[in-house]
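We name chains A, B, ... by the order of the sequence lines, and we start the count at 1 in each one. Both backbone and side-chain heavy atoms feed into the values below; hydrogens, waters and symmetry mates do not. Only a predicted model underlies this, so the values are computations on that prediction, with no experimental measurement involved.
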Amino acid sequence: MGASDTVKGASLLYVEDEAETRELVMEALVVYYPGLRVLTAANGAEGLQRFREARPHLVLTDIRMPVMDGIEMAKEIKAIDPDAHIIALTAYNDTSFLSAADIGFSEYVPKPVDYGLLFASIDKFFGGEGR
Amino acid sequence: MKSNNEALHGYDERVLVLLPESRDADSIPRVLGEVGVTSKLCGTPEELCAEVEKGAGVVIIAEDLLSSHAVACLRAALGAQPSWSELPIMVLLRHGPDSKRVQYTLLLPGDVVPIERPVRVNTFVAHVQAALRSRRRQYLVRDQMLELENAREQLQLQAASLEEANLKLTQVDRDREQTLMQQSRLAAMGEMLGNISHQWRQPLNVLGLILQNLQLTYAREMLTKESLDKAVSRSRELIAHMSQTIDDFRNYLSPEKARSTFDVTAVVEKAISILGESLQGVQLDLEKPEEPVTVEGYRNEYAQALINIFMNARDVLRERGIAEPRVLVKVEKQGTRSVVTIADNAGGIPEEIIGKVFDPYFTTKGPDKGTGIGLFMSKTMIEKNMNGSLTVRNTPEGAEFRIEV
């Protein structure tokens with residue numbers, strides 16, 4: 001609860017192609033982090049576009065998406081800002097054995113999403129080394 | 001064996017002689033010997049008959065010694081000869097050829113030649129040699145019959161071993177068919193499980209989020225009756241959907257023991273709905289007639305064939321990264337048959353492969369993805385069990401599968 005206050009004025013870009021999932025997670029983020037500005041995108045290309053426009057502090061993304069997937073998007077984002085912090089939501093076989101760092105993600109949060117883990121990651125970023 | 005043969009063929013050309021003690025008894029063997037013919041003098045009719053049974057080329061017997069007893073024993077000995085044998089018997093007559101004794105002798109089962117006395121040596125020798133030649137011809141027959149018998153035995157042995165090999169092959173075939181059936185069942189189960197997990201993944205994810213959101217909103221005092229009702233109702237929808245998936249698979253993907261009458265259009269639509277999420281991203285168009293197209297057969301196996309083809313199409317569209325993947329399904333009735341065509345725009349099957357797509361174990365996918373069994377079993381099932389046909393051809397855009405039942 002305490003950490004959730006430190007994100008006042010911060011922004012997060014959430015990229016997810018599945019509409020219902022996107023709405024539910026966005027609702028959770030908005031409820032848990034009242035000061036956080038949450039932007040959304042429905043695929044990697046849109047996400048890249050939003051990132052360029054808004055330069056959010058944190059990116060949260062699904063991996064398997066049409067048009068451009070999460071891995072491709074992370075690469076592009078890192079090309080724009082090598083320090084960008086990207087958290088990937090991953091199902092069992094989304095990625096091979098490559099480590100997160102090699103792909104461009106800062107960390108993984110497994111699916112089905114457990115908010116406890118997700119919020120811990122977000123808290124760590126905003127409250128600790130992230131900022 | 002060897003000594004037997006020697007005995008056999010050694011006696012083949014000998015002349016057995018039964019004469020009363022006389023000058024003839026001495027001179028005949030000598031005369032024959034001079035032309036290279038071996039002879040054996042027999043003392044009694046019994047001895048003669050015994051020697052006949054051992055083997056002889058010609059028998060020379062004096063009429064004097066042809067007692068009824070002698071004739072009887074000769075008859076017995078000759079009766080024991082094989083079918084090809086007609087032993088030349090030269091009878092040296094004492095009186096004329098008309099005596100009763102000679103008449104009886106003529107009835108013996110041999111080649112009886114009466115020789116009137118006196119006979120010139122040359123004539124006599126000529127008779128013996130003629131008889132020997134005739135005997136040799138009989139031996140030729142004997143030898144050929146033996147060869148035939150051997151050949152026949154060989155053939156029988158070969159036939160027996162071929163029969164055995166055939167039985168083994170039939171068994172191998174049967175085993176192979178069973179193995180294929182089992183593998184196909186396993187592969188189908190594997191795909192079914194894959195499908196179910198695919199179908200369930202999204203609903204499960206969303207259910208997890210809905211529940212967690214209930215907790216979050218309650219903690220922030222933002223939970224309302226309305227939001228609670230909405231969450232519950234949506235959750236139940238998702239659960240019903242997941243339950244339906246199981247029912248679909250149970251109903252449609254278990255093997256059927258009995259034939260039934262079904263509507264092809266309905267099965268096509270069900271197959272598409274079963275695949276549901278799996279076909280996401282692919283534009284699927286269905287052209288169907290107004291009236292039902294009914295056929296008789298195994299509905300579930302038919303559905304599985306359809307699912308197989310759909311999944312293949314989806315896979316190849318994905319693999320080749322087709323920009324606007326499309327599958328066009330047409331259901332029609334042509335005469336008394338139903339025709340379903342499934343056409344994709346994936347670019348087609350290469351010429352060198354198109355003849356093999358229905359072969360068992362043929363797959364273009366890696367070992368962890370394709371078993372190569374699906375299309376083979378589908379074709380077998382439709383053509384053997386439902387008297388239909390399953391074929392494929394290339395169109396300008398891609399491949400088109402055609403099922404006729």
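- Options B:Gln215, B:Arg234, B:Gln202, B:Gln212 differ in how many heavy-atom pairs under 4.5 Å they form with chain A, and the most are formed by B:Gln212.
- Residues B:Arg201 and A:Pro112 are not in side-chain contact: their nearest non-hydrogen atoms beyond the backbone lie 4.5 Å or more apart.
- Between A:Thr21 and B:Val206, some side-chain heavy-atom pair lies under the 4.5 Å cut-off.
- In this structure, A:Arg37 places its CZ atom where only 12 or fewer heavy-atom neighbours from other residues, nucleotides or ligands lie under 6.0 Å away.
- Other residues, nucleotides and ligands contribute only 12 or fewer heavy atoms inside 6.0 Å of the CZ atom of B:Arg176.
- Atoms CD and CG, from A:Glu18 and B:Leu209 in turn, are 10.0 Å apart once rounded to the nearest 0.5 Å.
- Using a 4.5 Å cut-off between heavy atoms, B:Leu207 does not touch chain A at all.
- Summarising the geometry of B:Asn213 relative to A:Leu24, their closest heavy-atom pair is ND2-O, 2.8 Å, with the distance given to 0.1 Å.
- Few gaps surround CD on A:Glu53; more than 12 heavy atoms of other groups in view lie less than 6.0 Å from it.
- Defined by atom type and a distance below 3.5 Å, a donor-acceptor pair is missing between the side-chain atoms of B:Thr217 and A:Glu27.
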